[in-house]
Amino acid sequence: MKPDLAVEPLASWIKTDGKPLIIAGPCSAETEEQLCETARQLAQQNAVHVIRAGVWKPRTRPGSFEGMGEAALPWIQRAKAETGLPFAVEVATPEHIELALKYGVDILWIGARTTVNPFNVQEIADALRGVDVPVLIKNPVNPDLALWVGAFERIAGAGITKLGAIHRGFSTGESSKYRNIPMWQLAIELKSIFPQLPMIGDPSHMAGKRAYLYELAQMAMDLNYDGLIVESHIDPDKAWSDAAQQLTPAAFGEMLDHLHIRTVQSENLEFKGALEQLRQKIDNTDRQLVEMLAARMALVEKLAEYKRDNNVTLFQPDRWKEILKTRTEQAKKFGLYPELVEEIYKIIHMESIRKQTEVMNSAEA
Ligand code: PEP
Ligand code: MN
């Protein structure tokens, strides 16, 4: 089944004057004062299009602050009235949706811990049937693209057309300087499945730490994301959730000022020509790469026939060690990451073992 999604363009439901959509606000609505003052200071930045706040906080461990719930919704009404800005809130159950809409929340988002669960996503989809509200869907906690795709299919299946993706990074169990590893290629893959889907970067939940926000926000801009969602709090160190990754509204404004927003210069013919030339060179290089791979595989096949006919074992650990060592050393000489070349060789080796097994088990010619 080829997935297809009816998506309204971002510009049809939120005005950003052609600029990236900027959503900012505290991780959680804590008190009326904290929420309204953060919203007021963010609105002063003149670059923020939507305020965000968590009202129901799905926490990985119990005992952390789990949100103020319905009590925070009147504060949102006040913050909206004072700033004139629309508001986005995370919802995880039909009850959250009902309450959020009752209090005039403008945009809903589905959190990473909800996207992982198709039961929850379907319940949310059922509750959204017949409602015209924008819904943003965060990537699931684990790097499973199908879950993210499935969530869009379920929500779109309920008739929601104002859709967007939030890329907040993944928990993989591997250690990283980031709280959640971005794995940009997964967001790019989602975009290639649903090209019309707006992609919003969430550097806050990727970073986990203020220090990394800028580089991640810049990366999202370089990848031509449609917007950013960033956590901002009037007193970040005292935040009740995600304290280490939040910025004051002023620091947030400064970060935005320093971001390079590169436009796709579709009108500049000279630029397009240069780009086209480089792409052709890349195409040629890639063709050579594929040819070389095929040539290598043909040699492997010959080798396997030879091993079979002489009763030699297929896998020889010393040879594999030597291949890895010499190839990564060569990589270093050419300024390539040895880890990259190592990963590529692991895949090539897997295929080469598969091929050799096939040959070894076939009859001698
Ligand atoms: C949040 O946006 O505050 C949040 C809980 O994010 P995530 O679902 O990405 O963990
Ligand atoms: Mn948060």
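In listed order, ligands and their atoms are each counted from 1. When a residue number appears, it is its place in the shown sequence, counting from 1.
Under 4.0 Å is where a charged nitrogen must lie from a carboxylate oxygen, and between Glu329 and Lys325 at least one such pair does. At a threshold of 4.0 Å, the pair Lys177-Glu215 counts as salt-bridged, since one of the basic side-chain nitrogens sits closer than that to a carboxylate oxygen. Between Asp242 and Arg179, at least one side-chain N (NZ, or NE/NH1/NH2) sits under 4.0 Å from a carboxylate O, which counts as a salt bridge.
Of all the atoms in ligand 1, the ones that sit under 4.0 Å from a non-hydrogen atom of Arg52 are 1 (C), 2 (O), 3 (O). Listed by number with element, the atoms of ligand 1 under 4.0 angstrom from any heavy atom of Cys27 are 3 (O). Residue Arg168 approaches ligand 1 through these ligand atoms, each under 4.0 Å from one of its heavy atoms: 7 (P), 9 (O), 10 (O). With ligand atoms numbered from 1 in the order given, ligand 1 contributes 1 (C), 3 (O), 5 (C) to contacts under 4.0 Å with heavy atoms of Lys57. Of all atoms in ligand 1, numbered sequentially from 1 with element shown, those under 4.0 Å from a heavy atom of Gly111 are 8 (O). Per-residue contacts place Arg113 under 4.0 angstrom from the following atoms of ligand 1 (heavy atoms of the residue considered): 7 (P), 8 (O), 10 (O).
Residue-level check: among N/O/S atoms of Asp242, OD2 sits closest to the Mn ion (ligand 2). The closest approach of His205 to the Mn ion (ligand 2), by N/O/S atoms, is made by NE2. Within Glu231, the N, O or S atom at minimum distance from the Mn ion (ligand 2) carries the name OE2.
For Glu37 and Gln41, the side-chain atoms include at least one donor-acceptor pair closer than 3.5 Å. Ser204 and Gln245 share no side-chain donor-acceptor pair at under 3.5 Å.
Relative ring orientation between Trp240 and Phe65 is described as perpendicular, the plane-to-plane angle rising above 60° on a 0-90° scale split at 30° and 60°.
Among Lys138, Gln246, Glu90, the residue whose heavy atom lies closest to atom 7 (P) of ligand 1 is Lys138.
Applying the salt bridge (Lys or Arg N to Asp or Glu O under 4.0 Å) test to Asp318 and every residue at least two apart in sequence or in another chain returns nothing.
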